[in-house]
Amino acid sequence: MIGDPVRLKTAALLVLLGLLTMLAGIGQLTFWAPSETVTASVPSDTKAAPLTVIDQKLIALHDGPVKIKIQGEGNFMVATGRPDDVDAWVGKTAHTTVTGVSADQKSLEATSVDGEATAPSPAGSDLWVSTEDASGELDYTWNPPADGEWSLLVAADGTQPAPSSISMTFPNNATTPWAVPLIVLGIIIILVGAALPFIAKALSNRRKDGQDDEPHDDGEATTTLPVQSGSSEANRRRGPETEGPALRVTAIAAALAAVMVGGTAVAAQATTTPEATSTSSAAAPAEGDGGTPVLLESQLQRILEQVASTVDAADAAKDAAKLAPRVDKMELQIRTQNYKIRTAVSAYEARMPVRATKLQSSVISTKREWPRTVFALTQGEGNVVPQVLTLVQLSPRENYKLWGSAPLQPGTNFPSFPVPREGTEPVPAGDNTGLAYSGNEALGILAEMLTTPDSPNRSKLADGQASPYIAGALAYQADTVKNGTSANFKFTHTPVTNQTVVLRTADGGALVVGRLDFAFEGTPKAAGDKLLLEDDSAVFAGGKETTTGMVLNFAESVAVYIPPAGSADPMKLVAATRGLVGASFK
């Protein structure tokens with residue numbers, strides 16, 4: 001039974017190797033496991049600049065939350081915006097851009113760009129989806145506000161250096177791929193080692209049984225000689241036959257376990273070594289130019305609230321200077337003149353208030369270049385019907401301003417547009433591609449119909465004179481002519497093409513919003529005949545009577561739906577209003 005001790009030693013060795021292999025696998029999940037996060041910092045010698053940009057490629061480099069720690073002197077802010085919006089706002093200002101992580105993942109890579117030494121404060125810009133204000137230190141966890149790419153802008157007030165002490169903590173992408181295989185392999189080796197003595201003994205017994213069954217020559221005596229110890233040839237042959245299989249199994253298992261355990265240390269070390277990070281690593285591909293809406297709905301709601309509060313304060317004070325931050329073009333002119341009239345004529349009606357409490361529909365352009373335009377259909381206290389608001393942003397560092405407002409026509413539905421998160425395509429005012437008419441043509445047809453009641457193009461606009469606004473305008477003009485027996489009158493409605501905006505609707509048509517200038521001229525028929533002005537017009541003309549003639553000027557804010565090309569449907573006047581903006585004597 002000389003083989004039993006060898007078999008037991010082999011089994012013990014296999015069990016030991018199995019334990020070591022399993023321990024190596026467990027170690028990769030515990031004490032050899034790589035750190036869950038890595039932290040990298042901006043080098044301390046980075047050049048100071050009024051603005052710091054954290055590039056979208058960096059904040060999207062790793063899956064999972066990114067923690068950002070920013071330290072600086074005094075107050076500063078962190079703004080979140082689309083990469084092209086951040087770049088456009090930075091413009092030619094000197095800035096530092098944090099673009100990537102070094103190969104050892106200990107340092108953030110930063111590049112400095114020379115330029116203008118100061119910039120306006122970025123606080124309050126409509127470009128930002130969100131902002132974080134801090135003093136001295138800020139711990140910030142990055143969470144994308146919506147799909148797509150985003151960058152961060154760090155700044156003080158635009159004149160002082162932006163904080164450059166920035167560190168970012170990322171989830172560690174290192175893995176331990178050998179952990180589970182090593183644990184499973186260790187268990188298998190332990191089971192083989194435990195079963196080895198029983199398997200070897202069974203094999204030995206089978207060989208003995210085979211030898212006992214060997215045939216003998218009949219009739220011959222068989223003498224069994226004692227086996228001599230020493231250099232017996234039979235004994236030398238038996239040794240390898242008995243112990244050979246067990247020793248070969250042991251050698252193979254030991255070699256395999258040694259390779260696996262030896263590789264464990266290498267694997268465990270490799271998982272904790274970060275791969276080099278290229279600054280060109282990008283996040284999810286950005287949506288194509290012109291495919292991303294210029295605003296999120298949350299941004300639009302915030303802008304509308306600021307516009308509404310600005311207009312409300314100015315209306316209450318009858319102070320046009322208060323309109324400047326949020327109102328421009330036609331709306332600024334109409335409300336400014338309305339304040340002048342109301343100051344002199346207390347009974348004169350105020351303009352319809354601008355409300356943001358109920359946003360019924362939003363139309364957000366995908367045109368990323370400036371100027372940018374959005375429409376909003378809102379209603380609130382003081383709005384008998386919803387009104388269409390036109391908001392325009394002229395440049396990156398300017399905020400959106402209200403260019404026009406017009407109440408929805410009674411019995412008219414606002415056109416359907418793509419959902420705000422997808423945005424809608426803008427159309428040049430002179431382009432009729434895919435449309436029955438261009439925006440300029442549509443406003444021209446409306447102006448002609450208002451000027452000439454029997455216009456040959458009246459069938460191109462739905463309901464013709466039955467439209468409430470069109471019918472009211474034509475009736476006003478007809479009554480003026482009828483009652484003014486001592487004067488000749490002339491009415492003209494003219495599109496102002498540089499304030500025309502066209503956005504495509506969901507059905508392939510478009511909504512054009514723009515301005516018409518309405519001029520109302522009166523001339524006495526005979527010498528000595530007089531023309532009398534109403535109190536509101538007299539505020540601008542400087543008197544109520546004239547024998548030479550007069551001109552009244554109105555601004556008309558209109559919105560017209562244009563059907564898609566090939567449609568048999570006519571256009572429709574969706575919204576319209578007018579306001580007196582001037583009067584003079586000839």
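Sequence positions, counted from 1, serve as the residue numbers for this chain. The structure displayed is predicted, hence computed values, not measured ones.
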Student: Nearest heavy-atom pair of S167 and L108: which atoms, and what distance?
Tutor: CA-CD1, 4.4 Å
Student: Indicate yes or no: at least one non-hydrogen side-chain atom of E109 is less than 4.5 angstrom from one of T99.
Tutor: yes
Student: List the atom of I68, the atom of I166, and the distance in Å for their closest heavy-atom pair.
Tutor: CG2-CG2, 4.0 Å
Student: side-chain contact (heavy atoms from CB on, under 4.5 Å) between F518 and N553: does it pass, once the steps are laid out?
Tutor: CA-CA 6 Å; F518 172 26; N553 299 107; over 6 Å; no
Student: Would you compute the distance between atom CE of M330 and atom CG of D517 and round it to the nearest 0.5 angstrom?
Tutor: 9.0 Å
Student: What residues form a side chain to side chain donor-acceptor pair (under 3.5 Å) with Q337, not counting sequence neighbours?
Tutor: K340
Student: Checking Y339 now: which residues fulfil ring pair (Phe, Tyr, Trp, His ring centres under 6.0 Å) with it, not counting sequence neighbours?
Tutor: none
Student: How far apart are the closest heavy atoms of Y437 and M571, and which atoms are they?
Tutor: CD1-SD, 3.5 Å
Student: Hey, is the main chain of P325 close enough, under 3.5 Å, to the side chain of N399 for a donor-acceptor pair?
Tutor: no
Student: Donor-acceptor pair, distance only, cut-off 3.5 Å: does the side chain of Q499 make one with the backbone of G404?
Tutor: no
Student: Holding to side-chain contact (heavy atoms from CB on, under 4.5 Å), I want the full list of residues that pass it with S165, two or more places apart in sequence or in another chain.
Tutor: Q71
Student: What is the minimum heavy-atom distance between D114 and K47, and which atoms define it?
Tutor: OD1-NZ, 2.7 Å
Student: Could you verify whether a donor N or O on one side chain and an acceptor N or O on the other, from T97 and T111, lie under 3.5 Å apart?
Tutor: no
Student: Answer yes or no: is there a donor N or O on one side and an acceptor on the other, between the side chain of R368 and the main chain of T292, under 3.5 Å?
Tutor: yes
Student: Could you tell me the separation between the CG atom of D87 and the CG atom of D55, rounded to the nearest 0.5 Å?
Tutor: 8.0 Å
Student: Which value, rounded to the nearest 0.5 Å, describes the distance between R326 atom CZ and Y400 atom OH?
Tutor: 10.5 Å
Student: Walk me through whether Q301 and S298 qualify under side-chain hydrogen bond (donor to acceptor under 3.5 Å, both in side chains).
Tutor: CA-CA 5 Å; Q301 186 64 54; S298 59; over 6 Å; no
Student: A506: which residues meet the side-chain contact (heavy atoms from CB on, under 4.5 Å) condition with it, sequence neighbours left out?
Tutor: S416, P418
Student: With side-chain hydrogen bond (donor to acceptor under 3.5 Å, both in side chains) as the criterion, how do Y561 and D507 come out once you've worked through the C-alpha distance, each side chain's angles and the decisive distance to 0.1 Å?
Tutor: CA-CA 11 Å; Y561 166 72; D507 62 357; 2.5 Å; yes
Student: Just checking E305: does its CD atom have more than 12 heavy atoms from other residues, nucleotides or ligands closer to it than 6.0 angstrom?
Tutor: yes
Student: Give the intermediate values and the outcome of salt bridge (Lys or Arg N to Asp or Glu O under 4.0 Å) for residues E425 and R504.
Tutor: CA-CA 6 Å; E425 177 191 357; R504 200 172 292 275; 3.5 Å; yes
Student: Sequence neighbours left out, what passes ring pair (Phe, Tyr, Trp, His ring centres under 6.0 Å) with F76? Give chain and number order.
Tutor: none
Student: Considering the options Q333, E556, E331, which one meets the side-chain hydrogen bond (donor to acceptor under 3.5 Å, both in side chains) requirement together with R515?
Tutor: Q333
Student: The criterion is side-chain contact (heavy atoms from CB on, under 4.5 Å); which residues satisfy it with P50, sequence neighbours excluded?
Tutor: T93, A94
Student: According to side-chain contact (heavy atoms from CB on, under 4.5 Å), who are the partners of P83, at least two apart in sequence or on a separate chain?
Tutor: Q56, E149, S151
Student: Rounded to the nearest 0.5 Å, what's the gap from CD1 on I445 to CG on N440? Could you check?
Tutor: 11.0 Å
Student: Go through the structure and list residues passing side chain to side chain donor-acceptor pair (under 3.5 Å) with S121, not counting sequence neighbours.
Tutor: none
Student: If every non-hydrogen atom of P293 is compared with every non-hydrogen atom of G423, which pair is closest and at what distance?
Tutor: CG-N, 3.5 Å
Student: Between D431 and T433, is there a donor-acceptor pair closer than 3.5 Å when you use the side chain of the first and the backbone of the second?
Tutor: yes
Student: According to side chain to side chain donor-acceptor pair (under 3.5 Å), who are the partners of Q379, at least two apart in sequence or on a separate chain?
Tutor: Q360
Student: At what distance, to the nearest 0.5 angstrom, does CG of L389 lie from CG of L377?
Tutor: 8.0 Å
Student: Which heavy atom of T412 sits nearest a heavy atom of V574, and at what distance?
Tutor: CG2-CA, 3.8 Å
Student: Can you check whether Y469's main-chain N or O pairs, donor with acceptor, with Q409's side chain at less than 3.5 Å?
Tutor: yes
Student: Show the numbers, then the answer: is there a side-chain hydrogen bond (donor to acceptor under 3.5 Å, both in side chains) between Q393 and W370?
Tutor: CA-CA 7 Å; Q393 185 184 38; W370 281 269; 3.0 Å; yes
Student: Nearest 0.5 angstrom please: T141 OG1 to K69 NZ, how far?
Tutor: 12.5 Å
Student: Can you check whether T169 reaches V66 side chain to side chain, under 4.5 Å on heavy atoms?
Tutor: no
Student: Under the side-chain contact (heavy atoms from CB on, under 4.5 Å) rule, what do Q306 and D126 come out as? Steps first, then yes or no, please.
Tutor: CA-CA 10 Å; Q306 293 177 4; D126 287 342; 4.2 Å; yes
Student: Are the side chains of I562 and L511 in contact, using a 4.5 Å heavy-atom criterion?
Tutor: no
Student: Within the distance-only criterion (no hydrogens, no angle test), does the side chain of S125 pair as donor or acceptor with the backbone N or O of W128 below 3.5 angstrom?
Tutor: no
Student: How would you list all residue pairs meeting salt bridge (Lys or Arg N to Asp or Glu O under 4.0 Å) that involve residues 308-320, not counting sequence neighbours?
Tutor: D312-R355, D315-R335
Student: Is any side-chain heavy atom of L153 closer than 4.5 Å to a side-chain heavy atom of V90?
Tutor: yes
Student: Quick one: are V53 and V98 in side-chain contact, heavy atoms under 4.5 Å?
Tutor: no
Student: Any side-chain to backbone donor/acceptor pair from S164 onto A48? Under 3.5 Å, distance only.
Tutor: no
Student: For a side-chain contact (heavy atoms from CB on, under 4.5 Å) check, start with the C-alpha distance between V86 and W150, then their side-chain angles and the critical distance, and finish with the verdict.
Tutor: CA-CA 9 Å; V86 173; W150 301 94; over 6 Å; no
Student: Can you name the side chain to side chain donor-acceptor pair (under 3.5 Å) partners of S135, sequence neighbours left out?
Tutor: N75
Student: I'd like to check the ring pair (Phe, Tyr, Trp, His ring centres under 6.0 Å) partners of H95; sequence neighbours left out, ordered by chain and number.
Tutor: none
Student: Considering the options L295, T373, V374, which one meets the side chain to side chain contact (heavy atoms under 4.5 Å, CB included) requirement together with L391?
Tutor: V374
Student: Given side-chain hydrogen bond (donor to acceptor under 3.5 Å, both in side chains), test T52 with T96 step by step and report yes or no.
Tutor: CA-CA 5 Å; T52 298; T96 298; 4.9 Å; no
Student: Might you work through the side-chain contact (heavy atoms from CB on, under 4.5 Å) test for L51 and W89, ending with a clear yes or no?
Tutor: CA-CA 10 Å; L51 303 173; W89 198 95; 3.9 Å; yes
